[in-house]
Amino acid sequence: MELSKNFQHSEAEQKWYQHWMDKGYFYSTPDERPAYTIVMPPPNVTGILHMGHALNNTVQDVLIRCAKMQGFNTCWVPGTDHASIATEAKVVAMLREKGIDKNKLSREEFLSYAWEWKEKYGGIILSQLKKLGCSLDWNRTHFTMDKEYYAAVMRVFVELYNKGLIYRGVKMINWDPKAKTALSDEEVMHKQTNSKLYYVRYKIDADAEEYITIATVRPETILGDTAICVHPEDPRYAHLRGQYCFVPLINRRIPIIFDDYIDLEFGTGALKVTPAHDINDYNLGLKYKLPVIDTLNDDGTLSEAAGMYVGEDRFAVRKKIIEDLKTSGNYVKEEDYSNQVGFSERTDAVIEPRLSMQWWCNMAELSKPALEAVMTEQVEFFPPKFKNLFRHWMENIKDWCISRQLWWGQRIPAWYDAEGNMYVGETEEQAYQKYSAANPNAQAGELRQDDDCLDTWFSSWLWPMQVFGWNENPDNKELAYYYPTNTLVTAPEIIFFWVARMIMAGENFLGKKPFDKVYFTGIVRDKQGRKMSKSLGNSPDLLDLIEVHGADAVRFSVMIASPAGNDLLYDETMLEQGRNFCNKMWNAMKLVKMWEARVSTEVSTADTFAIDWMQARIKQVELSIEDLLKNFRLSEALKNIYSLIWDDFCSWYLEWVKPAPEEALSAMVYNKTIDIYESLLQLLHPFLPFVTEEIYHLLRQQSDDLMNRQLTAFDTPNNDLLQQGIKLQELITTVRDARVKNNLKPKDVIKLAVDTQQTAFYTAAKNIIARQINAEKISFTNEAVQGSISLVLGVDKLYISSNVAIDTTAQKEQLQKDLDYQKSFLMSVEKKLSNEKFVTNAKPEIIDTERKKQSDTLAKIKTIEESLSLL
RNA sequence: GGAAGCAUAGCUCAGCUGGUUCAGAGCAUCUGCCUUACAAGCAGAGGGUCCGCGGUUCGAACCCGUGUGCUUCCA
């Protein structure tokens with residue numbers, strides 16, 4: 001078969017993914033093996049694959065494929081989130097483009113458009129994950145608005161309501177005027193913003209012409225002011241106790257109140273109090289029983305209650321009112337000011353704090369078992385630094401605003417009768433039963449359901465339970481087998497939104513944590529360190545990258561530089577490194593295949609140094625990888641395998657066993673080489689599944705697939721062999737360096753004479769050495785060889801003879817440099833050993849190594865000095 | 001305003017329990033090679049005040065304090 005010059009990724013990816021699917025390798029059903037389960041963080045149903053997903057899902061796939069090799073029954077559950085606010089925003093935008101106004105549609109009409117949209121565009125991301133090679137159990141694909149899932153959400157709502165943990169109430173909430181919905185605190189992003197601080201004076205209600213000046217960044221809220229507040233110990237305002245003043249423009253008479261909440265340093269030390277539009281003002285309002293005047297409509301325009309500018313947007317009013325305050329003589333001055341402004345996570349609209357009737361979930365009780373699970377490491381965080389963050393949040397947790405003024409989502413299961421009495425039930429029938437029990441004359445159709453729907457996270461917190469059918473039967477076999485899941489892989493950004501709440505849901509509704517471990521990936525940033533985001537447009541198109549460089553190269557690039565919890569600075573050179581790596585392995589395979597025709601059973605098989613060494617190296621790396629994976633140090637693990645394959649296998653091993661041109665190759669060496677290559681491919685497979693599977697099958701006829709191959713138990717490597725390998729490499733490098741420095745061309749043949757105690761080592765490696773340094777002869781000697789290049793390797797002396805004239809000055813310099821280094825090294829060691837405190841305090845094994853260093857260095861110095869004296 | 005993290009080669013980062021045969025990798029750079037697997041490659045080389053200052057210790061890139069700079073989270 002003709003093999004292409006380079007690895008052709010497109011075909012291989014297509015072919016193997018289909019093959020794995022056909023073989024059913026991704027599918028899992030409970031059996032006698034231990035389970036290894038991951039539930040995928042469900043992406044938004046409208047989402048498309050971006051860098052964050054690529055990182056997150058590659059990590060999960062690596063974990064799953066590793067576990068599979070170790071004999072676990074692996075199950076990775078895919079799915080999508082209905083993402084209520086994000087999806088609704090998209091559907092509204094789509095309708096607008098079609099010239100349809102959401103407000104003119106009925107709820108049912110809108111929802112049918114939304115479902116249509118979901119069927120058409122939803123789940124694109126899942127098919128994109130296939131391109132990345134994700135070994136997901138597609139039979140288990142879930143959606144957070146599936147019928148069964150919906151029912152589970154209803155059940156949880158009703159249970160919590162019946163326990164009194166869900167309630168309805170008027171409180172200050174974060175209002176998104178663009179999406180026209182309430183948001184939870186977690187959905188508000190605070191950004192540092194350049195604003196103006198306006199100073200405005202309010203006329204005191206007194207005979208004298210006296211004013212009190214306040215500072216505000218939101219002058220448009222003046223119309224909702226119901227008090228001015230100053231610090232009780234502020235001498236500037238002490239005389240105003242019991243006084244009133246007038247709100248500018250509308251001349252409402254409001255009291256001046258005194259509270260030590262006020263920061264004396266800020267502005268003028270006087271605060272305007274607008275209970276309807278600021279949480280702190282609201283609390284002051286409660287304390288002093290101030291009236292609440294809501295001056296905003298739900299779209300961010302001013303309401304009738306404002307009395308002025310009615311129907312105009314709040315930001316337009318901000319400009320206008322300043323002009324009007326100037327005219328009225330209330331404007332004093334303005335200053336540049338930098339403050340934190342809240343923005344909607346989804347729509348990027350400026351959040352308006354607002355009083356509103358919403359549904360709330362009391363978190364105090366729910367959070368307790370979750371906090372404990374994390375603090376006692378029943379749920380273990382990687383990296384552990386997130387534990388503190390988690391605790392801090394959980395200990396200061398506030399009630400969760402769970403209602404949203406949206407249509408796309410689970411509708412709140414509360415019904416009202418004509419008098420406004422409320423009936424909560426999982427279904428309308430249940431609610432009606434309660435209603436009719438209280439009202440014997442009840443008629444069907446008299447109840448009206450709450451218009452709001454639930455926060456998306458109120459459904460996704462059930463994800464690890466409900467994908468295994470918790471609601472239908474909490475004692476079912478699947479839930480018992482797969483739950484708690486093993487590892488959750490997610491971004492630290494959603495630790496509160498999602499991770500914390502899943503733990504709460506698991507602990508409270510099922511009595512079991514949802515996962516053992518949480519691996520937090522970093523944030524993917526571009527070269528300039530900016531977070532990759534759609535709005536910045538700095539996220540590369542992943543499907544393009546996969547198409548051009550291959551899925552394996554993409555996986556390599558995101559894995560090689562992403563330790564847990566550390567941000568990933570994405571750089572396309574890593575993509576090239578990954579592609580080159582695939583290519584390197586492809587060519588190594590070609591090389592081995594070329595030998596196939598030259599295999600002979602006649603050739604002696606005595607020379608096994610290279611094989612023995614390579615096998616020891618593999619064992620060594622296997623052990624370190626096992627350890628690294630346990631600690632989720634995936635990038636380190638990949639680096640180790642990369643170097644094992646590229647450096648040890650390709651650069652050393654293959655060159656060591658490579659037959660000379662035209663020469664035959666021992667069948668034993670050939671077969672061992674393929675064995676070795678196979679075990680390397682297996683180690684790498686979880687990271688780069690496609691190229692490894694492809695090469696695995698091209699190496700020789702296989703009865704199985706690499707993906708399904710099981711790892712054998714690791715054992716400890718022979719340390720002597722490893723040391724000899726290092727020595728051999730050093731020998732080769734030293735001689736090659738000398739060749740370069742003495743202008744010997746690669747084709748110039750040399751003779752090597754060695755003065756050593758370790759003749760066995762040189763004899764074992766003789767053939768390898770000869771080939772690697774292009775020596776026609778290797779011999780042992782006890783004395784210096786005249787006219788040769790003299791080198792020192794440890795305590796061995798090497799003499800290189802050739803036909804080319806030797807310039808001894810370069811050698812002298814080199815040896816002298818080495819001698820100087822060794823001498824100063826010796827000095828530092830001896831200084832230490834002569835330090836009495838060191839000898840008495842240091843651990844014995846440390847002292848022993850120092851002694852060994854001393855004697856080794858002394859021997860080296862002697863060797864170098866002898867060589868130097870001969871030049 | 002509160003909290004956490006980071007600072008090591010030109011760049012991106014490793015460096016676990018303190019121990020000079022550990023200051024390391026990849027990329028980039030320089031030199032020489034179109035050597036019959038691979039120029040997307042091979043061989044070799046150079047490059048660092050481990051952010052500054054103080055402390056603990058026989059010994060500090062590593063522990064403690066402090067200063068500076070950056071990042072993130074929360075209010």
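Lettering of chains follows the sequences in order, A, B, ..., and the numbering in each one begins at 1. Only a predicted model underlies this, so the values are computations on that prediction, with no experimental measurement involved. Atom set for the values below is all heavy atoms of this structure, side chains included, hydrogens, waters and symmetry mates excluded.
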*Could you check which nucleotide pairs with U36(B) in any of the strands shown, counting Watson-Crick or G-U wobble with both distances under 3.5 Å?*
none

*asked:* Need the pair for U68(B). Rule: Watson-Crick or G-U wobble, both distances under 3.5 Å, any strand; none if unpaired.
replied: A7(B)

*asked:* Could you tell me how far G46(B) sits from G24(B) if I compare only their P atoms? Round to whole Å.
replied: 11 Å

*Would you say the side-chain atoms of Gln822(A) pair up with the backbone N or O of Lys860(A), donor to acceptor, closer than 3.5 Å?*
no

*Determine the Euclidean distance between corresponding P atoms of U56(B) and G15(B); express it in Å to zero decimal places.*
29 Å

*Do Val518(A) and Phe390(A) touch side chain to side chain, with heavy atoms closer than 4.5 Å?*
no

*Pairing partner of C16(B) (Watson-Crick or G-U wobble, both distances under 3.5 Å)*: none

*Gap in Å between the two P atoms, one belonging to G18(B) and one to U12(B), rounded*: 29 Å

*asked:* If I pick the C1' atom on G47(B) and the same atom on C42(B), what distance separates them, to the nearest angstrom?
replied: 22 Å

*asked:* For the residue pair Arg617(A) and Trp652(A), would you count it as a cation-pi contact if the rule is NZ or CZ under 6.0 angstrom from the ring centre and within 45 degrees of the ring axis?
replied: no

*asked:* Roughly how many Å apart are G48(B) and U8(B), using the P atom of each and rounding to a whole number?
replied: 15 Å

*What is the base-pairing partner of U29(B), counting Watson-Crick and G-U wobble geometry with both distances under 3.5 Å?*
A45(B)

*Side chain of Arg579(A), backbone of Gly550(A): donor and acceptor closer than 3.5 Å?*
no

*For Ala588(A) and for Lys860(A), locate the closest nucleotide of RNA chain B by heavy-atom distance; then report the residue assigned to the nucleotide nearer the 5' terminus.*
Lys860(A)

*Do the side-chain N or O atoms of Lys5(A) get closer than 4.0 angstrom to the phosphate oxygens (OP1, OP2) of A39(B)?*
yes

*P spacing across the pair C73(B) / A61(B), given as an integer number of angstrom*: 34 Å

_Using a heavy-atom cut-off of 4.0 Å across all strands, would you classify Leu389(A) as base, sugar-phosphate, or nothing?_
sugar-phosphate

*Give one of base, sugar-phosphate or nothing for Glu655(A), where a contact means two heavy atoms less than 4.0 Å apart.*
base

*Compare side-chain N and O positions of Arg391(A) against OP1 and OP2 of A4(B) and report whether any pair is under 4.0 Å apart.*
no

*asked:* On the nucleotide G41(B), are OP1 or OP2 found under 4.0 Å from the side-chain N or O atoms that Asn587(A) carries?
replied: no

*Say whether Asp647(A) and Ser643(A), considering side chains only, have a donor N or O and an acceptor N or O under 3.5 Å apart.*
yes

*asked:* Can you check the distance between A75(B) and U68(B), where both ends of the measurement are the P atom (answer in whole Å)?
replied: 27 Å

*Applying a 3.5 Å limit to both distances, which nucleotide forms a Watson-Crick or G-U wobble pair with C22(B)?*
none

*Sticking with atom C1', work out how far C13(B) lies from A7(B), rounded to a whole angstrom.*
12 Å

*Would you verify whether the NZ or CZ of Lys517(A) falls within 45 degrees of the ring axis of Phe632(A) while also being under 6.0 Å from that six-membered ring's centre?*
no

*Examine G44(B): is either OP1 or OP2 under 4.0 Å from a nitrogen or oxygen in the side chain of Arg736(A)? Give yes or no.*
yes

*asked:* Measure CE/Met585(A) against P/A37(B) and give the value in whole Å, please.
replied: 19 Å

*Closer than 4.0 Å, any side-chain N/O of Lys658(A) to the OP1 or OP2 of A37(B)?*
yes

*Could you tell me whether Lys387(A) contacts a base, only the sugar-phosphate backbone, or nothing, with contacts defined as non-hydrogen atoms closer than 4.0 Å?*
nothing

*According to a strict under-4.0 Å criterion, is Thr733(A) in side-chain N/O contact with OP1 or OP2 of G44(B)?*
yes

*asked:* For C42(B) and Lys584(A) - does any side-chain N or O of the residue sit under 4.0 Å from the phosphate oxygens OP1/OP2?
replied: yes

_C73(B): pairing nucleotide in any strand, Watson-Crick or G-U under 3.5 angstrom_ = G2(B)

*For A37(B), does OP1 or OP2 lie under 4.0 Å from any side-chain N or O of Trp646(A)?*
no

_Given RNA chain B, 5'-ward residue of the pair Gln729(A) and Lys590(A), judged by closest heavy atom_ = Lys590(A)

